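Small disclaimer: the values here were computed from a predicted structure and weren't measured. Reckoned from all heavy atoms, side chains included, excluding hydrogens, waters and symmetry mates.
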Amino acid sequence: EAEVAQSPRYKITEKSQAVAFWCDPISGHATLYWYRQILGQGPELLVQFQDESVVDDSQLPKDRFSAERLKGVDSTLKIQPAELGDSAMYLCASTWDRPNTEAFFGQGTRLTVV
Amino acid sequence: AQSVSQHNHHVILSEAASLELGCNYSYGGTVNLFWYVQYPGQHLQLLLKYFSGDPLVKGIKGFEAEFIKSKFSFNLRKPSVQWSDTAEYFCAVNLRGSQGNLIFGKGTKLSVKP
């Protein structure tokens with residue numbers, strides 16, 4: 001069964017350092033999402049891509065977060081500099097390029113900022 | 001603003017007990033509705049979805065949910081839970097006809113005692 005791949009699974013970084021997460025969606029899925037899930041909360045959207053274009057980044061803290069999907073396939077989410085409050089699970093999801101479809105999620109990257 | 005409310009933070013049941021997890025949403029428009037499950041150490045997986053048609057939806061592993069439009073609700077049910085149903089359950093919604101951002105509830109942790 002096809003899966004959304006994410007790496008690393010776990011990341012510990014010091015405050016003010018840079019950190020990056022990688023996501024490879026299910027083959028053929030044009031839409032890719034990055035979500036952040038704080039402990040005890042549901043996932044919240046950070047950024048949505050359609051192919052290589054950003055569709056929605058209204059909730060992305062652009063002073064420190066950036067995301068790219070240069071070739072419209074895999075994607076990288078970067079935080080620079082990391083802050084203590086960025087400790088969370090970062091989830092990637094993808095969907096087919098059609099309406100009314102379900103999202104498939106990766107296993108996530110658990111980030112701890114110390 | 002769009003929101004999803006899950007009424008129970010943590011539910012503890014014995015095996016064979018019946019389950020009902022509440023979900024209410026607030027959304028300006030016609031919606032798609034989802035229940036996702038996250039087993040310990042695993043990724044979010046789709047349990048069931050409602051796009052249109054019969055408001056009683058059957059999902060995997062014996063779960064079902066009923067969409068009651070007048071109550072803005074999409075409660076999840078299972079007649080007899082098993083120890084293996086121990087997991088966190090998330091209700092989510094997005095706009096009908098879109099591939100848009102899922103709005104998640106905060107989740108309900110289900111613990112089933114053997």
Side-chain angles (χ1 to χ4, degrees), chain A residues 1-7 9-10 21 23-26 28-51 53-60 67 88-110, chain B residues 1-10 21 23-26 29-53 57 59-60 65 67 74 76 87-109:
Chain A
E1 181 179 304
E3 292 185 345
V4 176
Q6 288 190 248
S7 67
R9 288 288 308 277
Y10 305 93
F21 316 128
C23 171
D24 191 12
I26 291 173
H29 281 193
T31 307
L32 184 148
Y33 310 83
W34 283 101
Y35 286 86
R36 178 170 59 186
Q37 185 178 14
I38 296 169
L39 195 63
Q41 306 285 324
E44 294 183 335
L45 182 74
L46 289 173
V47 61
Q48 177 182 346
F49 288 92
Q50 181 70 28
D51 298 311
S53 300
V54 173
V55 172
D56 183 355
D57 64 355
S58 57
Q59 300 303 310
L60 188 71
M89 178 74 86
Y90 290 83
L91 298 170
C92 181
S94 66
T95 67
W96 294 106
D97 184 18
R98 59 175 184 255
N100 302 332
T101 185
E102 71 208 58
F104 294 82
F105 284 82
Q107 292 204 304
T109 296
R110 180 165 295 284
Chain B
Q2 302 97 334
S3 66
V4 176
S5 297
Q6 291 185 241
H7 312 304
N8 308 101
H9 180 63
H10 191 185
L21 301 182
C23 173
N24 285 90
Y25 66 92
S26 172
T30 306
V31 297
N32 299 321
L33 295 152
F34 306 82
W35 276 97
Y36 281 85
V37 60
Q38 190 167 32
Y39 299 104
Q42 296 190 27
H43 60 282
L44 278 165
Q45 302 171 42
L46 184 71
L47 262 184
L48 47 79
K49 60 194 176 189
Y50 173 79
F51 294 145
S52 63
V57 179
I60 61 171
F67 171 47
F74 191 56
L76 181 71
E88 191 153 18
Y89 293 80
F90 292 92
C91 181
V93 60
N94 68 7
L95 191 62
R96 179 80 53 80
S98 77
Q99 300 157 253
N101 171 29
L102 285 166
I103 306 295
F104 283 87
K106 291 187 176 182
T108 297
K109 184 177 179 181

Can you tell me which portion of B:L46 sits under 4.5 Å from chain A's heavy atoms? Options are side chain, backbone, both or neither. side chain
Given a strict heavy-atom distance threshold of 4.5 Å, which part of A:Q37 is in contact with chain B: side chain, backbone, both, or neither? side chain
Less than 6.0 Å separating the ring centroids of B:F34 and B:F51? yes
Between the side chains of B:Q42 and B:Q45, is a donor N or O closer than 3.5 angstrom to an acceptor N or O? yes
Measure distances from B:Q6 to the heavy atoms of chain A and classify the residue's part below 4.5 Å as side chain, backbone, both or neither. neither
Structural part of A:I38 lying under 4.5 Å from a heavy atom of chain B: neither
Taking the six-membered ring for Trp, are B:F104 and B:Y36 parallel (under 30°), tilted (30 to 60°) or perpendicular (over 60°)? tilted
Is any side-chain heavy atom of A:Q6 less than 4.5 Å from a side-chain heavy atom of A:Q107? no
